[in-house]
Amino acid sequence: MEFPMRHLPRAVARSLYPAAIAGALVLGHTPAGAAEDDAPKGPAVTVLKVAKSCFSDIVEATGTIIAREETSVRPERPGLKVTEVLAEAGDTTTAGQVLARLALPEGGTLQVTAPVAGVIATSTAQIGGLASAKGEALFTIVARSEYDLVGLVATSDVRKLAVNQTATVRIAGAGDIDGKIRRIGPTVQPNIQQGMVYIGISSQKRLLLNASGRALIKTGQSCNVAVPLTAVQYSSAGTVVQMIRRNRVETKRVEIGLMSGGNIEVRDGLNEGDVVVARAGALLREGDPVRPVMAAEAAK
């Protein structure tokens with residue numbers, strides 16, 4: 001008995017054809033399904049890449065402006081009358097400059113000169129007025145135009161201070177003036193728990209004595225990765241940021257440091273190039289799918 005062997009492969013092929021087609025369909029759809037899993041889903045969120053930045057450690061001191069050395073100008077003789085006034089408050093003087101002329105009782109005049117260079121802080125000299133060696137000073141001069149900001153600093157910050165550290169002193173009406181720490185007080189005021197610091201400043205323009213001032217003292221610098229303040233959340237679990245990995249939210253605990261210009265230093269927990277949510281919020285939770293949009297693109 002002969003078997004039709006030449007017909008068997010065709011029959012087998014016909015029987016296997018539907019299964020082969022089904023298998024091909026399954027195989028054809030697998031990459032598309034994986035691509036759909038990786039495709040961005042959920043709400044669009046603005047993100048940014050973490051970058052390195054340097055932060056200055058700034059200590060703030062607030063206080064008042066005083067003259068470092070104030071010199072009073074009076075005539076050596078009593079009973080003299082002012083006949084001419086040649087300078088007034090706010091003027092810059094040189095040593096030996098004539099400030100006023102006085103009439104002597106026996107006739108003739110006496111010149112009143114500046115004993116030091118500086119800025120005239122106050123003047124009582126008026127034509128016809130009397131001047132005396134023991135009376136009110138005709139002029140007071142801020143010697144060499146040197147002032148001090150006597151400021152108060154939080155006790156926790158006093159240990160960061162050192163003589164000659166640079167400072168920017170801000171005085172209303174006078175702008176920013178460069179200064180340096182001259183002296184640090186040896187004690188802390190017990191009622192307010194603040195220490196005292198003397199910051200020396202020089203200015204050729206008149207500064208109002210006893211005016212309020214604020215000093216920003218640079219005590220150090222730290223360079224690390226940084227994120228916007230809006231990217232940081234504070235919770236019972238600590239300080240966290242929301243990272244994006246494979247288009248999903250991951251909550252990452254971080255250690256923060258110094259702040260400046262709307263950014264904050266991250267000392268541990270993030271690496272340069274990590275992608276974080278620019279404005280973290282409670283609406284985003286661990287594992288949520290999102291559609292990340294880089295901040296530069298979102299601003300267009």
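From Asn224, atom CG reaches atom OG of Ser53 across 9.5 Å, with rounding to the nearest 0.5 Å. With values rounded to the nearest 0.5 angstrom, Leu110 atom CG is found 5.5 Å from Leu102 atom CG. Remark: Gln165 CD to Thr219 OG1 distance equals 6.0 Å, nearest 0.5 Å. One distance of note links CZ of Arg248 with CE of Met243; it measures 15.5 Å at 0.5 Å rounding. Between the CD1 atom of Ile199 and the CG atom of Leu161 there is a distance of 8.0 Å, given to the nearest 0.5 Å. Interatomic distance, Phe139 CZ to Asp91 CG, rounded to the nearest 0.5 Å: 9.0 Å.
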Would Ile201 and Ile65 count as a side chain to side chain contact (heavy atoms under 4.5 Å, CB included) here? Give the steps. CA-CA 10 Å; Ile201 53 179; Ile65 302 299; 4.1 Å; yes
Any chance you could lay out the side chain to side chain contact (heavy atoms under 4.5 Å, CB included) test for Ile181 and Ile217, step after step, and finish with the verdict? CA-CA 8 Å; Ile181 292 182; Ile217 307 165; 3.8 Å; yes
Under the criterion side chain to side chain contact (heavy atoms under 4.5 Å, CB included), I'd like the reasoning laid out for Lys160 against Val153: C-alpha separation, chi angles, the key distance, then a yes or no. CA-CA 10 Å; Lys160 300 180 182 179; Val153 177; over 6 Å; no
Checking Thr239 against Val232 for the side chain to side chain contact (heavy atoms under 4.5 Å, CB included) test, could you report, in this order, the C-alpha distance in whole Å, the side-chain angles of both residues, the deciding distance, and whether it holds? CA-CA 7 Å; Thr239 308; Val232 178; 3.3 Å; yes
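Counting all heavy atoms, side chain and backbone alike, Ala280 lies closest to Ala231 at CB-O, 3.7 Å. Looking at every heavy atom in both residues, Ile171 comes nearest to Ser212 through CG2-O, 3.8 Å. Heavy-atom minimum distance, Leu149 versus Gly63: CD1-C, 3.7 Å. When all heavy atoms are compared, the tightest approach of Ser202 to Ile177 is O-CG2, 3.9 Å. Taking all atoms of both residues into account, the shortest heavy-atom contact from Ala278 to Thr230 is O-OG1, 2.7 Å.
Using a 4.5 Å heavy-atom cutoff, the side chains of Leu258 and Arg267 are in contact. Side-chain contact between Leu216 and Arg170 is present, with at least one heavy-atom pair separated by less than 4.5 Å. With a 4.5 Å cut-off on side-chain heavy atoms, Leu80 and Ser132 do not count as touching. Considering only heavy atoms from C-beta on, Met259 stays 4.5 Å or farther from Glu265 through its side chain. Side-chain contact check for Met294 versus Lys49: some heavy-atom pair is nearer than 4.5 Å. Contact check for Val249 versus Pro289: no side-chain heavy atoms found under the 4.5 Å cut-off.
Cluster membership check: Val169 does not share its hydrophobic cluster with Val163, using side-chain heavy-atom separations under 4.5 Å among Ile, Leu, Val, Met, Phe, Trp and Tyr. Put simply, Leu270 and Val275 are part of two different groups of oily side chains (I, L, V, M, F, W, Y) that touch within less than 4.5 Å, one to the next. Cluster annotation: Leu209 is connected to Leu207 through the hydrophobic network of ILVMFWY side chains, with a link wherever side-chain heavy atoms come within less than 4.5 Å. Connection of Ile58 to Ile264 is not established within any shared hydrophobic cluster, with ILVMFWY side chains joined at heavy-atom distances below 4.5 Å, either directly or through further cluster members. The hydrophobic clustering, which links ILVMFWY residues whose side-chain heavy atoms are closer than 4.5 Å, places Ile192 and Val150 together.
Residues in residues 182-195 take part in these salt bridge (Lys or Arg N to Asp or Glu O under 4.0 Å) pairs, two or more places apart or across chains: Asp148-Arg182. The salt bridge (Lys or Arg N to Asp or Glu O under 4.0 Å) pairs that include a residue from residues 92-120 are Arg77-Glu106, Glu84-Arg101, where partners are two or more places apart or lie in different chains. Within the structure, the disulfide bond (SG atoms under 2.5 Å apart) test picks out no pair touching residues 144-195 (sequence neighbours left out). Within the structure, every pair that satisfies the disulfide bond (SG atoms under 2.5 Å apart) test and touches residues 150-226, not counting sequence neighbours, is listed here: Cys54-Cys223. Sorted by first and then second residue, the salt bridge (Lys or Arg N to Asp or Glu O under 4.0 Å) pairs with a member in residues 211-226 read Glu60-Arg214; sequence neighbours excluded.
Val254 pairs in a side-chain contact (heavy atoms from CB on, under 4.5 Å) with only one of the listed residues (Val227, Val240, Val225, Val241), which is Val241. With Val73 as the fixed residue, the side-chain contact (heavy atoms from CB on, under 4.5 Å) test singles out one of Thr113, Val116, Val112: Val112.
By the 4.0 Å N-to-carboxylate-O rule, Lys252 lies too far from Glu250 to be salt-bridged with it. Salt bridge annotation for Arg285-Asp288: absent, with no cationic side-chain nitrogen under 4.0 angstrom from a carboxylate oxygen.
Within 6.0 Å of CD in Glu76 there are 12 or fewer heavy atoms belonging to other residues, nucleotides or ligands. Heavy atoms of other residues, nucleotides or ligands lying less than 6.0 angstrom from CD of Glu272 number more than 12.
Checking side-chain atoms of Thr93 against main-chain N and O of Ala114 turns up no donor-acceptor pair under 3.5 Å. Formation of a donor-acceptor pair under 3.5 Å by the Gln242 side chain with backbone atoms of Leu284 is found in this model. Using modelled atom types, no side-chain atom of Glu70 and backbone atom of Ala67 make a donor-acceptor pair closer than 3.5 Å.
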Please report, to 0.1 Å, the donor-acceptor pairs under 3.5 Å made by any side chain of residues 117-131, with sequence neighbours excluded.
| unit_1 | atom_1 | unit_2 | atom_2 | d |
| --- | --- | --- | --- | --- |
| Thr122 | OG1 | Thr140 | OG1 | 2.3 |
| Ser123 | OG | Ala125 | N | 3.4 |
| Thr124 | OG1 | Ala137 | O | 2.7 |

